[in-house]
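Remarks on the structure that follows.
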There are 2 protein chains.
Amino acid sequence: MALPRTPGSSPVPAPGDLLAHPRPSLAIDVAVLTVVPEGPDGAPALAVLLLRRDAAPKAGAWGLPGSFVRERERLAGAVLRTLADKCGISGLAPRQLHVFDDPGRDDRGWVVSVAHVDVVPVERLEPALAARDDLALAPIAPRGTNGAGATSPVDVPGRQTSLPFDHDEIVALAVDDLRERYRAAPDPGGLVREPFTFLALRRTHDAVIGEPQQKDTFRRQMLPLLVEDGEIARGGVGRPARLYRRAADGPRVG
Amino acid sequence: MALPRTPGSSPVPAPGDLLAHPRPSLAIDVAVLTVVPEGPDGAPALAVLLLRRDAAPKAGAWGLPGSFVRERERLAGAVLRTLADKCGISGLAPRQLHVFDDPGRDDRGWVVSVAHVDVVPVERLEPALAARDDLALAPIAPRGTNGAGATSPVDVPGRQTSLPFDHDEIVALAVDDLRERYRAAPDPGGLVREPFTFLALRRTHDAVIGEPQQKDTFRRQMLPLLVEDGEIARGGVGRPARLYRRAADGPRVG
DNA sequence: GAAATAGTGTCTTTAAGACAATATCAG
DNA sequence: CTGATATTGTCTTAAAGACACTATTTC
């Protein structure tokens, strides 16, 4: 077998020898989205998890968690490992969004990154957020309404006006993906603990989609995708609401 | 700088040295879809371009065109190069579908492949198809209607019942993606030469989507996305139809 | 009973599906 | 004029939006 060559030596592969190909570094980035109970306007709102970079390029800047994929590791596994190792968070079910392949996107070399989105209830982020100062939840800017000439879909903390690399684009893709899924099904990201009332479900959808959903239309759309459970009584002030769970054919269980 | 290591030597990266990471081979696969004038039932129908493999694994079997990404090459560029080099075809605008990252998907080693879809008018495939016998257009099986116990969405030529690797899955994703886009906009793949009549447009949509579109509903949906052109007279037998082009805000121009 | 929230009824508006009438050409 | 296709009108049906009414609890 031929010896492994340095990447970029010979563009012509020796047949049968995979290692002869120049190979890129493979990375993942992940936009962890959640709903915070108090957004900028007091109502629940979408937010994204940011991490202060300590590594080489753009050290000190806020960006999305990401890392290189290890040998024979699955992409989803790399995302979950990154969240666990770098953020102390147990993620759930990463979804692929897009591959960013611009050869000039990283000064360090040829890095191809697969962008992901994951959705996590805010309770699972709070311990890590409270314990560390290099983690932050940044609110999603409500569509083009962004301070000054910032082009980021995120209200980045501090003086920073945008996210490094393609992270602004990744957040935009992640938000679009999540909104599309929340228009079609009840809480596909598992943000609401089961069983839940229709009010809790609708408040979450309002926050994700960014605008209030019609009470009755929303009920009629989502009802066929839910199964009833029991009753809630204590706690609320008005008439007790029925409790529901996502129908079995629905997506992942939180 | 540290010497490049063989992939798989050290899973712990030396900080600052990108080359120290084990790196996968990066590949692309592409499902080239088109509409052939005479499908299995005589009507125009969707088909996918297959290539007979000559390389190492599954040599002789029909599969999708694909190849390894070269150094600093864009993914879309690798797709277009593959179509040009291996199929003698000039592709148009590849779209990413999904990253296949199962470490066991290729016996030769750690290969991560980005699946793509591209849409090409059949006229641009015909010269290559006529000149070579390792290229074929396979009809898309109309939803689950597949000979015997075949699980492939493709009617693969010969005795083959499915495509190698994840190619069956790629074709299914490609067809779903194309159908979704054709439900929303007039001929986003540029299959019909401009200017076109409503009949030509609808026949193409019928073929892509796999079932006939309502004549009047289709017209009402697509009309706002088109701009008028002139008139057609010669050729047809009935009343001449107006000619249209895709509206400027539409997608790529063929 | 008053306040608050849950759940349902129904009217209006909009869009799709279906069918058919009218328009305009070649022969 | 006949046959063929294009284009438009309209009726029916289904769904969404909007509004309001009734129901059931806590205080």
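Every chain is numbered from 1 and lettered A, B, ... according to where its sequence line falls, protein lines coming before strand lines.
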Base contacts versus sugar-phosphate-only contacts with protein, heavy atoms under 4.0 Å: please encode nucleotides 13-18 of chain D as B, S and - from 5' to 3'.
---SBB

Is any side-chain heavy atom of V175(A) less than 4.5 Å from a side-chain heavy atom of P153(A)?
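They are not in contact (no side-chain heavy atoms under 4.5 Å apart), so the answer is no.
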
Rounded distance (Å) that lies between atom [atom2] of [N] and atom [atom1] of [X]:
X: Q213(B); N: dA16(C); atom1: CD; atom2: C1'; result: 12 Å
X: F218(B); N: dA6(D); atom1: CZ; atom2: P; result: 13 Å
X: L226(B); N: dT7(D); atom1: CG; atom2: P; result: 12 Å

Got a sec, which residues hit ring-ring contact (aromatic ring centres under 6.0 Å, His included) with F196(A), two or more places apart in sequence or on another chain?
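With neighbours one apart ignored, the set is empty.
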
With H205(A) via ring-ring contact (aromatic ring centres under 6.0 Å, His included) - residues at least two apart:
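If we apply the ring-ring contact (aromatic ring centres under 6.0 Å, His included) test to H205(A), skipping adjacent residues, the hits are Y182(A), F218(A).
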
side-chain contact (heavy atoms from CB on, under 4.5 Å) involving R203(B) - partner list, sequence neighbours excluded
L199(B)

Residue list, side-chain contact (heavy atoms from CB on, under 4.5 Å) with K86(A), at least two apart or on another chain:
L51(A), S67(A), T82(A)

Donor-acceptor contacts, no H, no angles, side chain residues 235-245 of chain A, under 3.5 Å, sequence neighbours left out:
| residue | atom | partner | partner atom | Å |
| --- | --- | --- | --- | --- |
| R245(A) | NE | D229(A) | OD1 | 2.6 |
| R245(A) | NH2 | D229(A) | OD1 | 3.4 |

Taking side chain to side chain donor-acceptor pair (under 3.5 Å) as the test, write out the residues that go with T217(A), two or more places apart.
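Not a single residue meets the side chain to side chain donor-acceptor pair (under 3.5 Å) criterion with T217(A).
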
Under 3.5 Å, N/O pairs linking protein and nucleotides 5-7 of chain C:
| residue | atom | partner | partner atom | Å |
| --- | --- | --- | --- | --- |
| dT5(C) | O2 | R239(A) | N | 3.4 |
| dA6(C) | N3 | R239(A) | NH1 | 3.4 |
| dG7(C) | OP1 | R242(A) | N | 2.9 |
| dG7(C) | OP2 | R219(A) | NH2 | 2.7 |
| dG7(C) | O5' | R219(A) | NH2 | 2.9 |
| dG7(C) | O6 | K215(A) | NZ | 3.3 |

Taking side chain to side chain donor-acceptor pair (under 3.5 Å) as the cut-off, I'd like each qualifying pair that reaches into residues 128-140 of chain B, sequence neighbours left out, listed once.
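Applying side chain to side chain donor-acceptor pair (under 3.5 Å) to every pair that reaches into residues 128-140 of chain B, excluding sequence neighbours, yields R132(B)-D134(B).
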
